[in-house]
2 protein chains.
Amino acid sequence: MSKVKKRTLINDIANHLEVSIATVSLVLNGKAKQSRISDAVAERVLKYVQEVGYKPNHLAKSLRTGKTHVIGLVVEDISNPFFATVAWLIEKQAFERGYRIIYCSTDNDPAKSKELISMFRERHVDGFIIVPSEGIEEEVSAILREQTPTVLFDRFLPDLVTNYIVVDGAQGTYEATLHLLEQGFMNIAFVTTDSTQTQMEARLNGYVRALEERQLPPLIKRVAASKDSEQLIADIHGFIKDNSTCDAVIFSTNYLSIYGLEAISRLQLQIPQDLAVISYDDHDLFRLYTPAITVIAQPVESIAKNVIDILLEQLQQPSDQAIANNHSVVLPTTLVVRKSSVRQPAPAPAARKKAAKKK
Amino acid sequence: MSKVKKRTLINDIANHLEVSIATVSLVLNGKAKQSRISDAVAERVLKYVQEVGYKPNHLAKSLRTGKTHVIGLVVEDISNPFFATVAWLIEKQAFERGYRIIYCSTDNDPAKSKELISMFRERHVDGFIIVPSEGIEEEVSAILREQTPTVLFDRFLPDLVTNYIVVDGAQGTYEATLHLLEQGFMNIAFVTTDSTQTQMEARLNGYVRALEERQLPPLIKRVAASKDSEQLIADIHGFIKDNSTCDAVIFSTNYLSIYGLEAISRLQLQIPQDLAVISYDDHDLFRLYTPAITVIAQPVESIAKNVIDILLEQLQQPSDQAIANNHSVVLPTTLVVRKSSVRQPAPAPAARKKAAKKK
DNA sequence: CTGAAAGCGCTAACAT
DNA sequence: ATGTTAGCGCTTTCAG
C-alpha cells in the first residue's frame with residue numbers, strides 16, 4: 001500500500017529500454033536525427049513511450065529550459081462577450097502551436113492589473129497579451145525590459161513603444177454618425193464612459209468630427225464606469241429624458257448599449273421611431289433584439305489572429321536577438337446596419353401602440 | 001550589455017547576507033522559529049528580501065515540493081454568468097488562501113473535458129474543481145485514484161463516490177410550478193435541453209411532480225443543446241406557437257430563457273398576460289427586463305464557499321492520510337418572484353397597446 | 001542556531 | 001551513434 005501513484009519517469013523508460021536517458025530525451029524532443037540516433041532505437045523509444053503513456057514533467061522541463069510555453073492573457077473582463085470571443089480565438093490558435101493560455105480579468109482596475117502581471121511573471125509565462133488599464137505603464141515597461149514578448153490589444157499605452165493591435169474606432173463612430181445623418185436623424189447623442197483610454201477617446205472623436213463637419217453641436221453623456229447596473233440605467237434614463245429633442249444615440253461600448261436599451265424601454269420609447277440606436281461592438285443580443293440593433297462591429301477574428309501571430313513570432317525568436325521591431329496594427333470596423341438606425345417609411349401602415357412620449 | 005535581466009536568487013540573498021541559503025529558505029517559509037533561527041537574522045533576511053523584491057522561483061519550488069498551489073477549474077462555459085460568478089467567487093477565496101485558479105470551458109463536450117483534465121494533470125494542479133460533462137467517469141476516477149483532491153459542482157456523476165456540491169433543482173422547479181398554479185396559470189410548459197445530466201433531470205422532475213400532484217398533464221419541450229442561437233429561438237418559437245393553450249412556461253436554464261424571451265417577443269405575446277415566464281437561474285437581464293422575470297435563483301455564494309472550503313480542507317490534509325470522507329452537499333434554491341409570473345389585476349387600468357395575439 | 005549537500009525530473013553540452 | 005554529467009532554483013534533512 002502507501003502511495004501507489006508513481007508516475008513513469010524518463011529514467012524508467014531508459015532503464016526498461018536499456019538505453020541512456022539522454023537518448024530518450026533527444027528522441028522525445030525531435031532531435032533524434034540531428035544527434036544521429038538510429039531510427040530503430042528512436043522507434044523503440046517512441047513506441048514504448050506511447051505504450052506506457054509517458055508524459056514528461058512540465059515543471060522539470062521548464063525549470064531546465066526556462067520556457068513554460070504558457071502565455072498570460074490579461075483582459076478587462078473575460079465575461080464580456082468581446083473579450084471572451086477574442087480570448088477563445090487566441091486560446092485556440094495558441095493551443096495548436098503548443099502554447100497554453102492562462103487568463104485573468106482586471107476589471108480595468110490598475111491595482112488588480114499590476115497584481116496579475118506580477119503573478120504571471122512569478123509563474124514564468126513566456127509572453128504577455130494585455131488589454132491595458134490606465135496607469136500600468138511601469139509594469140509593462142518592466143516586462144518589456146526583461147525582453148518578455150508582449151502584445152497589447154484593444155487599446156495601447158501612448159507613452160510606450162510596444163506591439164499593439166487596435167481598431168480604428170474613430171472611423172467606426174464617424175461612419176455610424178454619417179449613417180444616422182443620412183437617415184435624417186439630426187440630434188445625435190453619444191453615450192460613453194468617463195474613461196480616457198485611447199480606444200474610448202477615439203470613438204468619441206469620430207463622432208465629434210462627423211458632427212463638426214456638418215457644423216452640428218455634439219451632445220455627449222459620460223457615465224461613470226461603475227459596476228452598478230441600476231445606477232448606469234438610471235443615468236442613461238435621466239440623460240435621454242432630459243434631452244427630448246435627441247432622436248438618435250450611439251453607445252460607445254456593448255454593455256452601455258445593453259443598459260441603454262433597458263433605459264429606452266423603461267421610457268417607453270420606440271426604436272427607431274422615437275430614438276435611433278447604434279452600438280459600438282456587436283453582441284448576440286443586438287442581433288436578437290426587436291428591433292435588431294445596428295452596430296459598429298469589431299473584427300474579432302482578425303484581432304485574435306494578429307495578436308497571436310505577432311506574439312508567436314517574437315516567442316520563436318532566439319531570445320538573445322533583441323526584439324527591435326514593434327508591430328502596431330490598426331484594423332477597420334464594419335458598420336452593420338440593422339433596423340434600429342433606419343428611418344421608418346413614414347406613418348407605419350399598421351398604426352398602433354405608442355404612448356407617453358416626452359412630455 | 002547582453003542579458004541584463006538576471007533575477008535575484010536565493011543564493012544572492014544568502015551571499016549578500018553572509019548566511020547560508022538554508023537559513024534564508026527557512027526564514028522565508030516561516031520555519032525560522034521551529035529551526036531556532038535568531039530573530040535578528042530572520043529579520044535581516046526578511047528586510048533584505050523585501051528590499052530587493054526577491055520572489056522565489058515557483059517552478060523550482062514546485063518541482064522540489066511536488067505542490068504547485070494551483071487548482072484546475074473545469075466548467076461548462078466560463079462566459080455563462082452563472083459559471084462566471086461562481087468561478088470568480090472561488091478564485092477570490094482561493095487567492096486569499098494562497099491558491100491560484102486556472103480555468104477552462106468544456107462546452108459540455110466530453111472529449112474536450114478529458115483533454116482539459118489531462119492538461120491540468122500534466123500541469124500538476126494540486127486539486128480539481130469540475131463541472132462534469134457526461135461520459136468522463138473514467139478520467140475522474142483516474143484523478144481520484146491518484147489521490148488528487150477533487151470537488152464536483154452543479155451536477156455529479158452518480159456512479160462515482162466523490163465530493164460534490166449541487167443545488168436542489170427539483171425543489172426549485174416544484175415550488176415554481178406551484179407558484180404558477182396558485183397564480184391561476186393552468187397550462188404550464190417546461191422547456192429544457194436534451195441533456196440527461198443529473199441537474200437537468202432534477203429540474204424536470206420537480207415540475208412533473210408538481211403537476212402530477214394536481215393531476216395535470218405535463219407539457220415538455222426538449223430542445224437540442226445546440227450552439228446555434230437562431231435555431232434555438234426558432235425551436236422555442238415553434239413550440240409556443242403550436243401550443244396556444246399554454247399560459248405559462250418554465251425554462252430550465254438561463255440561456256434557454258434568453259432565447260425564449262426572444263421567441264416570445266417575436267410572437268408579440270405579452271408577459272405575463274398572454275404567457276407567464278419563469279427562468280431557472282438568475283441573470284442581470286432578468287432583473288432588467290420589462291417585465292422583470294421571476295427566477296429560481298441558485299445560491300452562488302454558498303456554492304462557491306462550499307466548493308472551496310471542501311477542496312482546501314482536503315488539500316491541507318497530509319497527503320498520505322487517505323481521503324476517506326467525501327462530502328455531498330445539496331443547497332436550496334430561492335424563488336424570486338417578479339412581474340413575469342404574477343397574474344395581472346384584470347384589464348389593465350391604463351388600457352393601451354396590445355396587437356396580434358394568437359390567431 | 002547554521003551550513004553542506006542531496007535531490008525533485010529533465011535537457012544538452014561534452015565525452016566516448 | 002549513444003552515454004555521462006552538470007546543472008535549472010529550491011527545500012530539507014542531518015551534522016556540526
Side-chain angles (χ1 to χ4, degrees), chain A residues 3 5-46 48-49 52-69 121-124 126 318-319, chain B residues 3 5-46 49 52-69 98 121-124 126 318-319:
Chain A
K3 317 187 193 179
K5 49 172 163 176
K6 281 178 69 76
R7 266 172 161 274
T8 313
L9 304 181
I10 196 169
N11 238 321
D12 305 334
I13 308 277
N15 285 154
H16 178 94
L17 259 32
E18 298 187 307
V19 298
S20 105
I21 140 178
T23 308
V24 179
S25 174
L26 259 3
V27 171
L28 252 32
N29 291 299
K31 300 189 177 155
K33 278 268 124 57
Q34 86 185 53
S35 307
R36 282 167 300 184
I37 286 168
S38 74
D39 288 3
V41 172
E43 210 164 306
R44 275 207 313 144
V45 171
L46 257 12
Y48 186 66
V49 161
V52 299
Y54 165 75
K55 301 266 188 232
N57 181 327
H58 269 280
L59 291 167
K61 194 168 184 160
S62 296
L63 179 59
R64 186 60 237 246
T65 60
K67 301 261 152 270
T68 54
H69 281 248
R121 266 214 283 176
E122 280 180 44
R123 299 232 160 258
H124 297 258
D126 288 352
S319 62
Chain B
K3 317 187 193 179
K5 49 173 164 174
K6 280 179 67 78
R7 265 170 160 275
T8 314
L9 304 181
I10 195 168
N11 237 320
D12 306 334
I13 309 275
N15 285 155
H16 178 95
L17 259 32
E18 297 186 309
V19 299
S20 107
I21 139 179
T23 308
V24 179
S25 174
L26 258 5
V27 171
L28 254 30
N29 291 297
K31 299 190 177 153
K33 278 267 125 56
Q34 84 184 53
S35 307
R36 282 168 299 184
I37 286 169
S38 74
D39 286 2
V41 172
E43 211 164 306
R44 276 208 311 144
V45 170
L46 257 12
V49 161
V52 298
Y54 165 75
K55 301 267 188 234
N57 182 326
H58 269 280
L59 290 166
K61 195 167 183 161
S62 296
L63 178 59
R64 185 61 238 250
T65 60
K67 300 263 153 269
T68 54
H69 281 248
R121 266 215 282 178
E122 280 181 42
R123 299 231 159 259
H124 297 258
D126 288 352
S319 61

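Chain letters run A, B, ... following the sequence lines, proteins first and then strands; every chain starts at 1.
Side-chain atoms of B:Asp12 never come within 3.5 Å of backbone atoms of B:Thr8 as a donor-acceptor pair (strictly under, hydrogens ignored). Judged by distance alone, the side chain of B:Thr65 and the main-chain N or O of B:Lys61 form a donor-acceptor pair under 3.5 Å. Using modelled atom types, no side-chain atom of B:Arg123 and backbone atom of A:His58 make a donor-acceptor pair closer than 3.5 Å. A:Thr68 places no side-chain N or O within 3.5 Å of a backbone atom of A:Ser62 that could act as its donor or acceptor partner. Checked by atom type and distance alone, the side chain of B:Asn57 pairs as donor or acceptor with a backbone atom of B:Leu59 at under 3.5 Å.
The distance from atom CG of A:Leu46 to atom CG of A:Leu28, rounded to the nearest 0.5 Å, is 7.0 Å. Summarising the geometry, atom CZ belonging to B:Arg121 is positioned 9.5 Å from atom NZ belonging to A:Lys55; distances are rounded to the nearest 0.5 Å.
When the C1' atom of C:dT2 is taken as reference, atom CZ of B:Arg44 falls 13 Å away, rounded to whole Å. Remark: C1' of D:dG3 and CG of A:Asn15 are 13 Å apart, rounded to the nearest angstrom.
Annotation: side chain of B:Pro56 is not in contact with side chain of B:Ile10 (no heavy-atom distance under 4.5 Å).
The bend of the helix from C:dC1-D:dG16 to C:dT16-D:dA1, defined by the angle between the axes of its first five and last five pairs, stands at 50° to the nearest 10°.
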Using a cutoff of under 3.5 Å, can you pull out all pairs of nitrogen or oxygen atoms linking the protein to nucleotides 7-11 of chain D, with atom names and distances?
residue : atom : partner : partner atom : Å
D:dG7   : N2   : A:Arg64 : NE           : 3.3
D:dG7   : N2   : A:Arg64 : NH1          : 2.8
D:dG7   : N3   : A:Arg64 : NH1          : 3.2
D:dC8   : O2   : A:Arg64 : N            : 3.4
D:dG9   : N2   : B:Ala60 : O            : 3.2
D:dC10  : OP1  : B:Tyr54 : OH           : 2.5
D:dC10  : OP1  : B:Asn57 : N            : 3.0
D:dC10  : OP2  : B:Ile10 : N            : 2.8
D:dT11  : OP1  : B:Asn29 : ND2          : 3.4
D:dT11  : OP1  : B:Lys61 : NZ           : 3.4
D:dT11  : OP2  : B:Ser25 : OG           : 3.0
D:dT11  : O2   : B:Arg64 : NH1          : 2.3

